[in-house]
Amino acid sequence: NNSTDQTKFVVTDAAMAGGMSGGPLVNDKGLIIGVNALVNMELRALGNYAVHSSECLTFMNNLSQRMNKKDNNVEGGKIGVVVVSYGVML
């Protein structure tokens, strides 16, 4: 990523509780304007954060381009972890 690649967030004072991440943030007309991403439990005065809906659309478009149409799977990234057995299992 370069310095111009920044995720757009919506800062809201809407009441949210822990566990609401991933849920929709809707406006007063019932339109989804974001996806809840961070609930600030300690500093509620600073607001809660949602990923802007335009970012979600960009993500979904990129994901659909990576989808294998044959089996409807998306190949994920690799994290470089190898599981190796050492010695005797206890």
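Connectivity analysis of hydrophobic side chains (ILVMFWY, heavy atoms under 4.5 Å, direct or indirect) links Ile32 to Val26. Taking a 4.5 Å side-chain heavy-atom cut-off between Ile, Leu, Val, Met, Phe, Trp and Tyr, the cluster of Leu57 contains only that residue.
Every residue meeting the side chain to side chain contact (heavy atoms under 4.5 Å, CB included) condition with Asn62, not counting sequence neighbours, appears here in chain and number order: Thr58, Gln65. Evaluation of the side chain to side chain contact (heavy atoms under 4.5 Å, CB included) rule for Val51 yields Thr7, Phe9, Ala37, Glu55, Cys56 as partners, not counting sequence neighbours. Residues satisfying the side chain to side chain donor-acceptor pair (under 3.5 Å) criterion with Ser54, sequence neighbours excluded, are His52.
In this structure, OG1 on Thr12 lies 11.0 Å from OH on Tyr49, to the nearest 0.5 angstrom.
Residues Leu25 and Ala50 come closest through the heavy atom pair CD2-CB, 3.6 Å.
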